[in-house]
Each structure stands twice: as C-alpha cells, then as structure tokens.
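One-based numbering along the sequence shown.
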Amino acid sequence: MFKNDAFSWSIGYAYANRLLPDRRRYLVDDAIENGVYALSTGNDISREWTKLDEHILSVNITDDHKLHFGQWQPKIKLGAYGEYRTRKYTTREFIYNWNADENHMPADFRHMDVPTLLSDEANFGEDKLYMLEQVRMRNNYKGNNTIGAGYLLVNLPFRLMDINAGLRYEYDKMELISNTKDTEESHMSRFYKYGDFFPSANMTYRLNDRHQFRLSYGRSINRPEFREVSSSVYYDFDLASSVQGNTELRNCYVDNIDLRYEYYPSKGEQISLAFFYKHFDSPIEWTYTVAGGTDLVYSYVNAHSADNYGLELDIRKNLGFIGLPYFDWSFNGSLIKSQVNFPAGMKEENRPMQGQSPYLINTGVFYHNEQIGFDVALLYNRIGKRIIGVGRSGGTTGDGDNARIPDSYEMPRDAFDLTATKKFGKHLELKATVRDLLNQPVRYMQFAKVSYSDGRHQEVEQITRKYVPGRNLGFTAIYKF
C-alpha cells in the first residue's frame, strides 16, 4: 500500500539567549539654560541589565504519495507539524541620582563629560552621586506558545501545465505571563487562541522550455511576538525612543495573488515580471505618542485593513555578451501602491501602510573566477520614503479642524555592501566584508500641514531624528577538514 510513499520525520530543538549586561545611557539637554547642554536630573543617567532565554521544540511528519493513472502521475503530500516555545525576559534598571539642593559634587559637574564624571570614584557617596533601582516588575514577562498544524498538498501535472493546491490548518495558543504591579511579583496570565485555515494554489503554464506564466494565491498570517503583546517597555537605540507592547494586539491575515511571466535565456539566467496584490486584514503597525512634551513612545496597533499592489522586475544575467564572462548582474525592483482602509466615520488621512515603501531597489554585480578561487560582490540597496511611526488624530482645534500628530517618515538612503572571498586550496577560505560603504545618515522626518489665519496653507518639514549608523567591517577565516 505504501510502496509509492516517501515518509519522513524530524525532531528539532533550538535554544537562543540574549544577555545585555550593563547597558549605559545618558542624556543631556538645555532644560536648565537655553542653548547650554547639561545634565538635568538623575533620570538622565541609567544602567540596565536584561536577559532573554528562549527554548523551541518542534516535530514534523511528512508523507509523499504517488498515484498512477497510466502516464498521468499526480502526487499527494500529507503532513503534520507541532511546536512548543517558551520565553523568559527579565530586566533591571538603575539610575544615578543626587541631592539637587545640597551636594558636594564639583561645581560644574552637570557640564562635565559624563563618562569622565562616572569613572571618578570621588564623585560617589551619600552627598554626591548614588544609584537607585527603578523597580518595574511589569517590564518582565514569560510565556509559552503551542502550534499544531496539519496540511494536504496535491500536485497535478499536465503536458503544459502544473497545478499545486493545498490546505493547511493551524491551531495556535499563546500564554503571556506578566506582572500587574511594578514593586512585586504579581503574575497574571493572558491567553491568545486561534484556529485558522490557510489555502494555497499555484498554476504554472509553460509556453516552451524558456517561457512560462505562473499564477499563485496564498493566505498567510503574521502573529504578534511575545514582546509585542506584553506590557514591557524597552529602549530602542535606532528610534531613540521607548517601545511598549499592546496586550490587545491581534493576528494579521494576508491574502496574496501573484501573476508572473518568467523567461530563462540560458542556464542560471532569468528575467521575470510580476503583478502582485496583497490584502491585509488587521495589519500590525508601529504608532507613537508624545510623552512628557518631547519624549516619543512607540507601540503596536492593528489597522482595520490595507491593500498593496504593484509590479516587480527580477533579472539575473551573465555579462559575457559584453566581454565580461566572469561577471553576473542581478536586479530586483518593485513599484508598490499601498493604501490603509479606515472604518467609516474615522477622522484619519489616507496614507500607505506603515513600513511600506513606494519602491524598492536591490541590485548587484558579482565576479566569480573558479580557476583562481576568487569572488567579489558589490550590492546596492535603496528604499523609498516610508512611514516608521503612525501619527494619530488629536481631536479638533478651536476652528473645528482635525488636529493631528503627523506621521514619522524614514527617508531614502543609498547603501552599498562589498564582499570579497579568496580560497586557498581545498581547505582554507578568507572573506572580507564592508557593509554600508557610503555610511549615509539615517533621517526621520515629519511633514505637517499648517493653516494660517489669513487663509494661507503651508507644509512644514522637520527632522526629528538623524544619526550615522557607521560602517561595519568583517573578516572571516574558514578552514575545512
């Protein structure tokens, strides 16, 4: 009965941890004296210890069965998958404080270089700098997640056409255990349970050996992570802001349709052009609020729905036709139109989905010489202006207009990466990498529409965050026995 079957199974275990010992951060501003930057309060200097442990146990069972109806031989694939994951996250934070009214600190300590100030033991004591622990037990959490899935996949081969259709069912149960109080262990469990079907279909029509069309549909899911549904607050250095989870976050479901034309000029070469459409039900987006007048706090929310559609061009081509046989060129570019849908009556502006760029460009030139064992790759990437944090409606002004905190945008930048690899014999390989050669600044900007009493309208631009990420240099040596 099973002579035409291919049965396989696997069991896996993975452990991941992240230890962040003594992360130090300080802030200087001109709150005391305009234009003069200095320490304002003890909260401006902090030290943090965080630890995360995660265990994942998984099992997978698959059976491939071939059917024979004369020359026609379709295939059926059955499978089951199970996963159990646990995570524990703990954090402790300390701040440096001092008595602002009476202390024996140097007279100009607020204006001193902070690392120099902290490295001198003479600046510590009861009447000088001392440390206080910010006890925030609500930032700690632990949880477990169980996934059980079963799927069926059918392959129907025809002379000029292949059809693959499948259906997958997934049951997901997440338990998040967090504290309800900052000062003591006060565990409370919150459960997230879902059972969903995910259909898929893929049809390939071959015009000949070089040309074919592909039409596909699939449904997928984006589940919130533990930290996204926890009440934990952590500091993100890229955003220069705190990030807090949202316990009411829901799953996002994505329906994807893709129509693609593919052309294969020769072995290893491909040119394809695709039209795609994606519908998002409850997409998860980053939003932000303003705390304390100037501090931004990011979090996660579900939008009602969103639609993305566009074109994608993919090219892989050897450059031998211009006399460069050792060189290959690759290009992937997309044009995307994105639109978030709001329920009727909401005072929200039309906008693209958070994180979605109107265009994406990835291209590269590759040199490969097997005879001398030398490879070089130069890669280029650019993304279009995209929303990094969604603003929100802030009610109405005295004139009845909608008052709004503007969206925050990440602006385009050019990024080049260079990799060179040299093999020495059969055993030794050396690799050098340089990431972000240009090291262009990362800029976050806001664009606000301002109306004046004389009827004039103007769009105001403001840079809210700017930093240089730096170049990353890497060197790797590999020896194969």
Side-chain angles (χ1 to χ4, degrees), residues 22-48 93-134 136 139 233-244 286-299 388-392 394 397 403-411 413 439-450 452 458-470:
D22 200 4
R23 184 187 70 175
R24 305 184 183 194
R25 178 167 62 98
Y26 67 88
L27 173 69
V28 292
D29 55 35
D30 60 350
I32 297 178
E33 183 179 354
N34 187 34
V36 178
Y37 288 87
L39 293 172
S40 298
T41 67
N43 293 331
D44 292 340
I45 310 175
S46 66
R47 300 172 66 176
E48 185 179 13
E93 182 180 9
F94 297 81
I95 62 171
Y96 286 90
N97 202 6
W98 63 85
N99 188 327
D101 297 326
E102 183 178 356
N103 62 73
H104 291 84
M105 294 289 293
D108 62 341
F109 79 94
R110 293 179 184 268
H111 304 90
M112 291 177 60
D113 175 67
V114 176
T116 302
L117 175 69
L118 299 181
S119 62
D120 189 348
E121 294 184 359
N123 293 325
F124 292 89
E126 292 184 2
D127 57 347
K128 299 178 182 179
L129 286 177
Y130 57 91
M131 294 183 68
L132 291 176
E133 181 173 6
Q134 299 284 86
R136 293 171 178 166
N139 284 343
V233 179
Y234 67 94
Y235 187 84
D236 187 298
F237 274 95
D238 289 337
L239 296 172
S241 303
S242 296
V243 179
Q244 183 175 15
W286 283 57
T287 185
Y288 73 96
T289 56
V290 181
T294 58
D295 296 333
L296 302 183
V297 178
Y298 283 80
S299 188
I388 191 67
V390 178
R392 60 184 176 86
T397 65
R404 177 176 175 80
I405 299 174
D407 301 326
S408 180
Y409 288 86
E410 180 182 2
M411 304 306 292
R413 64 189 298 268
N439 195 25
Q440 292 184 346
V442 175
R443 295 178 300 142
Y444 297 156
M445 295 186 66
Q446 290 179 334
F447 302 83
K449 296 179 180 178
V450 179
Y452 298 97
Q458 182 182 0
E459 185 176 68
V460 179
E461 302 179 4
Q462 182 180 14
I463 297 178
T464 58
R465 171 139 171 85
K466 181 179 180 180
Y467 67 94
V468 178

Show the atom names and distances, to 0.1 Å, of all donor-acceptor pairs under 3.5 Å that link a side chain in residues 121-129 to residues at least two apart or in another chain.
residue, atom, partner, partner atom, Å
Asn123, ND2, Leu117, O, 3.0
Asp127, OD2, His104, ND1, 2.7
Lys128, NZ, Ala122, O, 2.8

side-chain hydrogen bond (donor to acceptor under 3.5 Å, both in side chains) involving [X] - partner list, sequence neighbours excluded:
{"X": "Arg23", "result": "Glu48"}
{"X": "Thr116", "result": "Asp113"}
{"X": "Tyr288", "result": "Gln446"}

So, using ring pair (Phe, Tyr, Trp, His ring centres under 6.0 Å) as the criterion, who are the partners of [X] when residues are at least two apart?
{"X": "Tyr130", "value": "none"}
{"X": "Tyr235", "value": "Phe237"}
{"X": "Trp286", "value": "Tyr298, Tyr300"}

Checklist entry - Which residue pairs pass the side chain to side chain donor-acceptor pair (under 3.5 Å) test with at least one member in residues 26-40, sequence neighbours excluded? => result Asp29-Ser40

Checklist outcome for this item: Checking Leu39, Thr41, Asp44 against Leu27 for side-chain contact (heavy atoms from CB on, under 4.5 Å), the one that qualifies is Asp44

Just how far is it from atom [atom1] of [X] to atom [atom2] of [Y], taken to the nearest 0.5 Å?
{"X": "Asp120", "Y": "Met112", "atom1": "CG", "atom2": "CE", "value": "7.0 Å"}
{"X": "Gln244", "Y": "Ser299", "atom1": "CD", "atom2": "OG", "value": "6.0 Å"}
{"X": "Met445", "Y": "Ile388", "atom1": "CE", "atom2": "CD1", "value": "14.5 Å"}
{"X": "Tyr444", "Y": "Ile463", "atom1": "OH", "atom2": "CD1", "value": "13.0 Å"}
{"X": "Ser241", "Y": "Arg465", "atom1": "OG", "atom2": "CZ", "value": "7.5 Å"}
{"X": "Arg136", "Y": "Glu93", "atom1": "CZ", "atom2": "CD", "value": "5.0 Å"}

Item to check | Minimum heavy-atom distance Ser408-Thr464, with the two atoms named | outcome: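 Heavy atoms of Ser408 and Thr464 come nearest at OG-OG1, 4.1 Å.
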
Next on the checklist: Please check: side-chain N/O of Ser242 versus main-chain N/O of Val297, any donor-acceptor pairing under 3.5 Å?
Outcome noted: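 No: the side chain of Ser242 does not pair with the backbone of Val297.
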
Next on the checklist: Between Thr287 and Val390 (side chain of the first, backbone of the second, donor and acceptor by atom type, cut-off under 3.5 Å), is there such a pair?
Outcome noted: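 Yes; judged by distance alone, with no hydrogens or angles, the pair exists.
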
Checklist entry - So do Pro469 and Asn439 actually touch side chain to side chain, heavy atoms under 4.5 Å? => result yes

Checklist entry - Would you say the side chain of Met131 lies within less than 4.5 Å of the side chain of Tyr96, judging by non-hydrogen atoms? => result yes

List for me each residue that meets salt bridge (charged side-chain N to carboxylate O under 4.0 Å, His left out) alongside [X], sequence neighbours excluded, and say none if there are none.
{"X": "Asp22", "value": "Arg24, Arg47"}
{"X": "Asp407", "value": "Arg404"}
{"X": "Glu133", "value": "Arg92"}
{"X": "Arg110", "value": "none"}

Checklist entry - After noting the C-alpha distance and the side-chain angles of Val36 and His111, does the key distance pass the side chain to side chain contact (heavy atoms under 4.5 Å, CB included) rule? => result CA-CA 9 Å; Val36 178; His111 304 90; 3.7 Å; yes

